[in-house]
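This one's a predicted model, so the numbers in the text were calculated from it and none came from an experiment. Whatever order the structure lists ligands and atoms in, that order sets their numbers, starting from 1.
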Amino acid sequence: MAETGSVYIPAFYDVDYHDDGRIRRVTANQTRAPWRVSKHTVMNLDEWPFPKKPLVPLAETVHERMSVEIFRGCTRGCRFCQAGMITRPVRERSITGIGEMVKAGLEATGYEEVGLLSLSSADHSEIAEVAKDLADRYEGTQTGLSLPSTRVDAFNVDLANELTRNGRRSGLTFAPEGGSERIRKVINKMVTEEDLIRTVTTAYANGWRQVKLYFMCGLPTETDEDVLQIAEVAKRVIEAGREASGMKDIRCTVSIGGFVPKPHTPFQWAAQLDHEATDARLHKLRDAIRADRRYGKSIGFRYHDGKPGIIEGLLSRGDRRVGAVIEQVWRQGARFDGWSEHFSYQGWADAAHEALSDVPVDLNWYTIRERGEDEVLPWDHLDSGLDKEWLWQDWQESISGAEVEDCRWTPCYDCGVCDQMGTSIQIGPTGQRLLPVMVVDPTPVLATEASS
Ligand code: SF4
């Protein structure tokens, strides 16, 4: 299987280390194992309409809905986003392919909600037609539609209206990720504060009362001021919402977590912010929001403290020596650490100390250390198609705040993927539309959400 280049078998690769703990090289120890293992890319999603019959759990789950993947990949170029980077290029499922999957899936499962999923669903070239035609097709039934969080600059009220047709307008979720304009340039999240205010004003004016905003703390080059700017953004959102709706009972929830650098992204070389600094910054932000008499009460604040993020960082960019840390923490009794009530930072720190005692690296080395250009990274022999030189250049450009456009709508900037993988961008519009189908369930619609 390894010979095909599609399956990674770690035992077929040896790792040598420098005296200071960095990787010297990774080599295949089997003549037939390739020196790099490549990802594989499905080019025609319509040929792969899976899952056809999703399993329906007997227990109640968080997302009680059928999911249809409407496209793969994302070339918006957010520099922190591993999912976007490793699934390039963008490949859309056609409107008719989506329609068929929705029909077959609903018949097979009996679900009453369909999630139109992807990394940025509002970017589908025919999302307006998809939403309208599905809403038409299932009008008068209990079938609702939802999108995951929407990009600030891709939100449009017609689309949101289709998604909530006959339903309630409970909440909208946006992810500006960075509080200040400067830091959003660093991460290549090309949305301005004005975009955000314009979007939420439209939403509040059209009946929405609640907006949730996601941010990250600890991004490269970030300062306290960048994070404190989030409080100012939230206040402007409330102010704009009160003005647009003429009501006082509108809300904005700020949700923020620590940034964890990920492999195969331009930030794979970045130092992670230590947990003390993350917590201090988040507390300053919390205090700034609470101290505001005019708007503070309308702003909800949810955050995760910095310690779990450091362990996530260890697992995210660790090499095979981290396997011993995982085994050690398990031997110490750790179970279900993803649940905060079971998580023990001290347990992980002790396990790392114990398991790494014979090698010149530790928890800090894996997390809060910046990597150099020439360092061999533990995942360099796994090929996502991205050119390492392009990633480095994008990392350097991020520090100066230079932005990169989306290659769907501007010329290719040679990230390496299409050449390396023999792929190309596949987007519509197809110009096709969905025809009505005979719907079995005649019960009236109850409620839907525009986003989650
Ligand atoms: S190679 Fe060019 S077109 Fe393909 S994903 Fe990269 S930037 Fe976009």
Qualifying residues under side chain to side chain donor-acceptor pair (under 3.5 Å), relative to Gln426, sequence neighbours excluded: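 Only Ser424 meet the side chain to side chain donor-acceptor pair (under 3.5 Å) criterion with Gln426.
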Centroid-centroid under 6.0 Å between Phe259 and Phe80 rings: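 No: the rings miss the under 6.0 Å criterion.
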Does the side chain of [X] come under 3.5 Å of the side chain of [Y] through a donor N or O and an acceptor N or O?
X      : Y      : result
Ser118 : Ser121 : yes
Arg72  : Thr41  : no
Glu225 : Ser180 : no
Thr75  : Asp406 : yes

Per-atom contacts of ligand 1 with Tyr413, taking only distances under 4.0 Å to non-hydrogen atoms: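 Answer for ligand 1: 7 (S).
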Tally, protein N/O/S atoms nearer to atom 4 (Fe) of ligand 1 than 2.8 Å: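 There are 1 of them.
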